[in-house]
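First comes the structure, then the notes that go with it.
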Amino acid sequence: MNVLMLLRQKNSIAYCVKENKACVGWVNRYFKDCLCNLSDEFSFAFGLVSLVCWAVAEIPQIITNFRTKSSHGVSLLFLLGWVVGDIFNLAGCLLEPATLPTQLYTAVLYTTTTIILVLQVLYYDYFYRCWKRRDDDSSQEVEEVKKPLRPQKPTDSGIPIPGGTGRSPSRRMDFYFMSARSLAGSSTPPFRSILRPIASGPSAVGLNHDYSSDDDTVDTPLNISVSQPKPIPRFAGYGAFLATSSGMPHQTKALIVGFGGRKLLQEHGTEHSALGQCLGWMMAAVYMGGRLPQIWLNIKRGSVEGLNPFMFVFALIANVTYVGSILLRSTERTKIKANMPWLLDAVVCVVLDLFIILQYVYYKYFRKNSSTFNGREYEGAYEQANKN
Ligand SMILES: NC(=[NH2+])NCCC[C@H](N)C(=O)O
């Protein structure tokens, strides 16, 4: 038996004790997971795709924020929801004796990425904007903005027309174009927002400020959790809360044994189920609810400017492959039941992400056509402003 096992290890084949079958060696070695048939292998591959998608999902939004020097397109509540969900996830990894090192590492990875994004949002939304505003509040700037608002001729509508009367296209032109662009997605912009000067940099930084500060969202990363004799993979880190993996490898237990919480759990005999399920449902609620502030923000702004759709595309793929990885591994009722919070969360998030992507397409490509109306509205408001 030992010789057989050694031979199999050498040939990159391991032996799954629980299933009494040969399994893929490197997966067994590094992920402590048993892949005994093609379905298991597909399940594992799906889990890996899910992990990679989560690892890169937030990078597009980070780049967009960096480029626009603003974060007005993404809801802070949405991101905060992600952070809260990730904390549940991390707590689950630390408290749940059944968690694997990969789960913990993945949870740390998600949390780190999301925290970076949140810090970036806070920086652009508050600090950067404050500094910018201070600069823009210089009296010279105020004078420049006021000047063009004063009608110079009785026939002057006060609105510069591109390519029009040869009027000097300085600050005033900027004001017109930038405001119109910012308003393009919004049918009824707040009147005063039109008068707000757009100082510099990316157009909507200042204008959209109000919109971005009151929303948040949270998302949950996927953890790769491969438990050796466990038939169900938990690539997305949700597995942290699963009540299904009692046969955790020794090293994993050693890794976590220092944590009082886990010890306590063991002493009280609540190996996984109750707390794991409870945390799982809480996590699911936070993750699912987290999309709503983003959806609402898009509706409220009537625009998706500053939002990178790839974050949601990656999240969608990550959630779909995550569900696939679970279902391909086992369709046993007990396993499905134990995974229900993670499955339901992933499915609902797929639907919500699809909705956000459709919102993006609508506001970006269809609603754009109605921007002429917005432009007229803007002109009307602008004229009104001139009269006052
Ligand atoms: N910080 C993260 N990316 N967390 C992952 C969240 C996963 C969760 N299913 C969601 O889509 O919201």
Side-chain angles (χ1 to χ4, degrees), residues 46-63 65 71 74-93 102-122 215-225 233-242 279-295 297 307-327 339-357:
F46 272 39
L48 279 189
V49 171
S50 180
L51 176 73
V52 171
C53 283
W54 276 124
V56 300
E58 289 157 69
I59 295 173
Q61 187 60 52
I62 290 173
I63 293 172
N65 293 349
S71 58
V74 67
S75 161
L76 183 59
L77 262 174
F78 164 62
L79 298 179
L80 289 179
W82 250 348
V83 172
V84 173
D86 292 346
I87 288 168
F88 284 137
N89 196 17
L90 265 176
C93 284
T102 45
Q103 287 178 268
L104 187 61
Y105 300 151
T106 313
V108 170
L109 174 75
Y110 301 150
T111 312
T112 308
T113 325
T114 308
I115 285 174
I116 290 171
L117 183 53
V118 167
L119 289 178
Q120 193 200 32
V121 166
L122 292 175
D215 300 87
D216 332 292
T217 295
V218 176
D219 223 347
T220 314
L222 295 175
N223 292 340
I224 286 194
S225 54
R234 292 176 291 280
F235 293 99
Y238 304 82
F241 311 111
L242 293 186
L279 284 170
W281 284 113
M282 282 164 73
M283 183 188 71
V286 172
Y287 281 149
M288 291 187 293
R291 293 295 195 284
L292 301 180
Q294 183 61 55
I295 290 171
L297 177 66
L307 184 68
N308 195 311
F310 286 105
M311 180 161 75
F312 298 97
V313 171
F314 279 122
L316 192 146
I317 299 168
N319 280 319
V320 166
T321 47
Y322 174 70
V323 170
S325 76
I326 293 176
L327 297 182
N339 275 290
M340 202 41 101
W342 291 273
L343 283 170
L344 186 77
D345 163 60
V347 169
V348 171
C349 284
V350 165
V351 174
L352 293 174
D353 285 341
L354 205 60
F355 186 81
I356 292 174
I357 292 166

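Counting starts at 1 for both ligands and their atoms, in listed order.
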Does ligand 1 have any atom sitting under 4.0 Å from a heavy atom of M288? no
Partner residues of I62 under the side chain to side chain contact (heavy atoms under 4.5 Å, CB included) criterion, sequence neighbours left out: I116, L117, Q120
A student checking ligand 1 against T114 at a 4.0 Å heavy-atom cut-off should list atoms 1 (N), 2 (C)
Taking the side chain from N308 and the backbone from P60, do they hold a donor-acceptor pair closer than 3.5 Å? yes
With respect to R291, determine whether any N or O atom, backbone or side chain, lies less than 3.5 Å from an N or O atom of ligand 1. yes
Answer yes or no: is there a side-chain heavy-atom contact under 4.5 Å between M340 and W281? yes
Residues forming a side chain to side chain contact (heavy atoms under 4.5 Å, CB included) with L354, sequence neighbours excluded: L316
Examine distances only and state if a side-chain atom of D345 and a backbone atom of P341 form a donor-acceptor pair shorter than 3.5 Å. no
For ligand 1, indicate whether the residue T113 contacts it via side chain, backbone, both or neither (heavy-atom separation under 4.0 Å). neither
May I ask you to identify, for W54, whether its side chain, its backbone, both or neither come under 4.0 Å of ligand 1 on a heavy-atom basis? side chain
If you count the atoms of ligand 1 from 1 in the order shown, which ones are under 4.0 Å from a heavy atom of D345? 8 (C), 9 (N)
Subset of ligand 1 atoms that lie under 4.0 Å from at least one heavy atom of E58: 1 (N), 2 (C), 3 (N)
What I'd like to find out is whether the side chain of F355 reaches to under 4.5 Å of the side chain of R291, using heavy atoms alone. no
Short list, please: which atoms of ligand 1 are under 4.0 Å from a heavy atom of C349? 9 (N), 10 (C), 11 (O), 12 (O)
